[in-house]
Amino acid sequence: MSSVRSLQEDQIRTWNDHDEASWVNLFGPEATFSAPGGVHGSGTEMARTMYHIWQDAFPDNQLKILQIIDGEDAVVLEGVFEGTHTAALNTPGGSVPATGRHVALPLTSV
């Protein structure tokens with residue numbers, strides 16, 4: 001198993017464990033993030049912001065791996081974010097009040 005693949009799997013595991021410190025510590029200054037609602041940035045502070053946007057609004061969320069494509073120098077993970085929207089989703093583009101609905105959102109991590 002490549003170390004890059006192991007890193008991807010650690011990201012999923014620590015996210016699903018709702019372990020903020022361990023998840024954020026997996027990212028360095030070169031890590032980049034983007035998501036709907038005007039979410040984009042880089043570095044560990046952006047990792048922390050991304051964590052809170054999604055974990056706070058969907059506290060029961062889990063990431064499910066659909067497939068991992070393991071290359072020599074890179075790994076692509078295709079997955080699904082699932083959770084119940086029980087608190088405000090606060091993004092730079094605005095706040096979305098809780099709907100109480102269950103969502104399943106596709107995600108990609110490279």
### Flag side-chain contact, heavy atom, 4.5 Å: Gln11 against Leu77
no
### Query
Given side chains that start at C-beta, do those of Leu63 and Val80 come closer than 4.5 Å, heavy atoms only?
no
### Task
Let me see the working for Asn90 and Ile53 under side chain to side chain contact (heavy atoms under 4.5 Å, CB included), right down to the final yes or no.
CA-CA 6 Å; Asn90 296 309; Ile53 287 171; 5.7 Å; no
#### Entry: Heavy-atom closest contact (Asn16 atom, Gln62 atom, distance)
O-NE2, 3.0 Å
### Summary
Heavy-atom nearest pair, Ala88 first then Ala57, reads O-CB, 3.4 Å
### Task
Using the test salt bridge (charged side-chain N to carboxylate O under 4.0 Å, His left out), find all partners of Asp10 that sit at least two apart in sequence or belong to another chain.
Arg13
### Task
Using only heavy-atom distances, determine whether the side chains of Gln55 and Asn61 contain a donor-acceptor pair under 3.5 Å.
yes
#### Entry: Flag for Gln67-Glu78: side-chain donor and acceptor within less than 3.5 Å
yes
Report, one line per pair, each donor and acceptor closer than 3.5 Å where one atom sits in a side chain of residues 96-110; sequence neighbours left out.
{"from": "Thr99", "atom 1": "OG1", "to": "His85", "atom 2": "ND1", "distance (Å)": "3.3"}
{"from": "Thr99", "atom 1": "OG1", "to": "Arg101", "atom 2": "N", "distance (Å)": "3.1"}
{"from": "His102", "atom 1": "ND1", "to": "Gly83", "atom 2": "O", "distance (Å)": "3.4"}
{"from": "Ser109", "atom 1": "OG", "to": "Gln8", "atom 2": "OE1", "distance (Å)": "3.0"}
{"from": "Ser109", "atom 1": "OG", "to": "Gln8", "atom 2": "NE2", "distance (Å)": "3.2"}

## Note on the structure
Residue set satisfying side chain to side chain contact (heavy atoms under 4.5 Å, CB included) with Asp60, at least two apart, ordered chain then number -> Thr84
### side chain to side chain contact (heavy atoms under 4.5 Å, CB included) involving Ala87 - partner list, sequence neighbours excluded
none
Side chains of residues 33-50: which donor-acceptor partners sit under 3.5 Å, not counting sequence neighbours?
{"from": "His40", "atom 1": "ND1", "to": "Gly38", "atom 2": "O", "distance (Å)": "3.2"}
{"from": "Arg48", "atom 1": "NH1", "to": "Glu20", "atom 2": "OE2", "distance (Å)": "3.2"}
{"from": "Thr49", "atom 1": "OG1", "to": "Glu45", "atom 2": "O", "distance (Å)": "3.0"}

### Task
Give the intermediate values and the outcome of side chain to side chain contact (heavy atoms under 4.5 Å, CB included) for residues Phe58 and Leu89.
CA-CA 8 Å; Phe58 300 87; Leu89 178 64; 4.0 Å; yes
#### Entry: Pairs flagged by side-chain hydrogen bond (donor to acceptor under 3.5 Å, both in side chains) wherever residues 23-33 is involved - sequence neighbours left out
none
### Task
Apply side chain to side chain contact (heavy atoms under 4.5 Å, CB included) to Lys64 and Phe81, showing your working.
CA-CA 7 Å; Lys64 300 194 188 309; Phe81 170 96; over 6 Å; no
#### Entry: Whether Tyr51 side chain and His18 backbone form a donor-acceptor pair below 3.5 Å
yes
#### Entry: Val4-Ile65 co-clustered via ILVMFWY side chain contacts under 4.5 Å
yes
